[in-house]
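Take a look at the structure below.
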Amino acid sequence: MTARPRSLAAKRTLAAEIETRLRREYPTAHCELDFRTPYELLVATILSAQCTDKRVNMVTPALFAKWPDARALARATPSALEKVIQSTGFFRAKAKSLLGMARVVVEEHGGEIPTTMEALVALPGVGRKTANVLLGNAFGRNEGIVVDTHVARLSARFGLTRATDAVKIEAELMPLFARDGWALLSHLLIWHGRRACTARAPKCEGCVLADICPSSSI
DNA sequence: ATCCCGAGGG
DNA sequence: CCCTCTGGAT
């Protein structure tokens with residue numbers, strides 16, 4: 001347990017220590033979604049909202065066998081698609097997103113998933129979080145830190161950020177970490193947020209960051 | 001009951 | 001800023 005960092009320098013020092021420790025704690029942290037192409041990762045990521053990656057991985061093999069790329073998916077009927085993805089929840093909204101996404105990809109990008117933040121976010125059902133996952137994990141880009149609820153909560157607890165809006169949190173967070181490796185860093189923060197730094201009843205005992213955390217209960 | 005690596009819409 | 005969309009796991 002420590003005081004909340006005040007200066008930019010103090011925040012950077014804390015951020016670097018957090019990253020070092022998390023890299024050591026989770027040497028094999030990686031994206032748990034199964035995918036072989038950018039198209040597959042985009043579909044899987046859209047399906048992963050409010051759903052575990054395990055469950056997404058249970059439905060995607062059938063989905064990709066039926067609709068192996070955006071051109072095929074664009075021709076799917078909503079009911080057939082809904083049937084396949086039903087167990088991931090929000091299935092009507094997700095089917096609508098997937099179909100709209102596939103159609104825009106075919107009509108405006110020649111059937112290939114676009115590789116820029118601007119074009120990705122313009123796709124139906126694709127927000128900043130999903131776009132960041134694609135950029136980091138499918139295109140090897142390094143354009144930002146993925147800010148989801150876990151990253152938002154964890155960085156707030158460490159006093160690294162004050163904003164509640166994801167875009168502002170990202171802007172506050174990026175200057176604090178080294179410029180390379182944001183994709184891996186995002187995974188580490190999310191991973192730790194899910195496993196230890198949970199929303200309710202965080203597992204501070206045994207947390208590798210407890211002694212440098214301003215919010216730790218121990 | 002409560003939570004899940006969100007996005008769109010009012 | 002609020003609400004809604006949904007099934008499954010715990």
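Reminder, nothing fancy here: chain letters follow the sequence lines and each chain counts from 1.
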Discussion item. With a 4.0 Å cutoff (strictly under), does any side-chain N or O of A:Arg200 reach OP1 or OP2 of B:dC3?
Written reply: yes
Worksheet item: Which of the following nucleotides, C:dG7, B:dG6, B:dC4, is nearest to the side chain of A:Gln86?
Response: C:dG7
Practice prompt. Take the protein atom CG of A:Leu47 and the nucleotide atom P of C:dG8, then report the distance between them rounded to whole Å.
Written response: 14 Å
Discussion item. Working note: A:Phe158 + A:Cys213, criterion side-chain contact (heavy atoms from CB on, under 4.5 Å); need CA distance, chi angles, decisive distance, verdict.
Written reply: CA-CA 6 Å; A:Phe158 278 90; A:Cys213 178; 3.6 Å; yes
Worksheet item: Quick one: A:Asn57 CG to B:dC4 P, roughly how many Å, whole number?
Response: 19 Å
Discussion item. On the nucleotide B:dG6, are OP1 or OP2 found under 4.0 Å from the side-chain N or O atoms that A:Arg128 carries?
Written reply: no
Practice prompt. Using whole Å, report how far CD1 of A:Ile46 lies from C1' of B:dC4.
Written response: 18 Å
Worksheet, complete the sentence: Of A:Glu32 and A:Val121, the one whose closest nucleotide on DNA chain B sits nearer the 5' end is A:Glu32
Practice prompt. Have a look at A:Val146 and say if it touches a base, only the backbone sugar-phosphate, or nothing, with a 4.0 Å heavy-atom cut-off.
Written response: nothing
Fill in: Nucleotide B:dC4, atom P - distance to CD1 of A:Ile190 in whole Å
13 Å
Worksheet item: Among the nucleotides B:dC4, C:dG7, C:dT6, which one has an atom lying closest to any side-chain atom of A:Ser87?
Response: C:dG7
Worksheet item: In Å, rounded to the nearest 0.5 Å, how long is the span from CZ of A:Arg23 to NE2 of A:His187?
Response: 12.5 Å
Item to complete: Take atom CZ of A:Phe91 and atom P of C:dG8, then tell me their distance rounded to the nearest Å.
Response: 10 Å
Item to complete: Grab the CZ-P distance between A:Phe90 and B:dG8 for me, whole Å please.
Response: 13 Å
Practice prompt. Round to the nearest Å and state the distance from A:Lys96 atom NZ to C:dT4 atom C1'.
Written response: 12 Å
Practice prompt. Nearest whole angstrom, please: distance from the C1' of B:dA7 to the CG of A:Leu120.
Written response: 15 Å
Discussion item. Between A:Lys168 and A:Glu172, does any NZ, NE, NH1 or NH2 come within less than 4.0 Å of an OD or OE carboxylate oxygen?
Written reply: no
Worksheet, complete the sentence: Assign each of A:Ala131 and A:Thr52 the nucleotide of DNA chain B bearing its closest heavy atom; nearer the 5' end lies the nucleotide of A:Thr52
Worksheet item: Within the pair A:Ser48 and B:dG6, is there a side-chain N or O less than 4.0 Å away from OP1 or OP2?
Response: no
Item to complete: Output the distance between atom CD1 (A:Ile85) and atom NZ (A:Lys94), rounded to the nearest 0.5 Å.
Response: 7.0 Å
Worksheet entry | DNA chain C: 5'-proximal contact among A:Ala49 and A:Arg55 (nearest heavy atom) | A:Ala49
Worksheet entry | C:dT6 and B:dT2, which share atom name P, separated by this distance in whole Å | 22 Å
Worksheet item: Within the structure shown, what part of the strands sits under 4.0 Å from A:Thr130 by heavy-atom distance: base, sugar-phosphate, or nothing?
Response: sugar-phosphate
Worksheet item: Where the side chain of A:Arg71 meets the backbone of A:Val105, is there a donor-acceptor pair that is under 3.5 Å apart?
Response: no
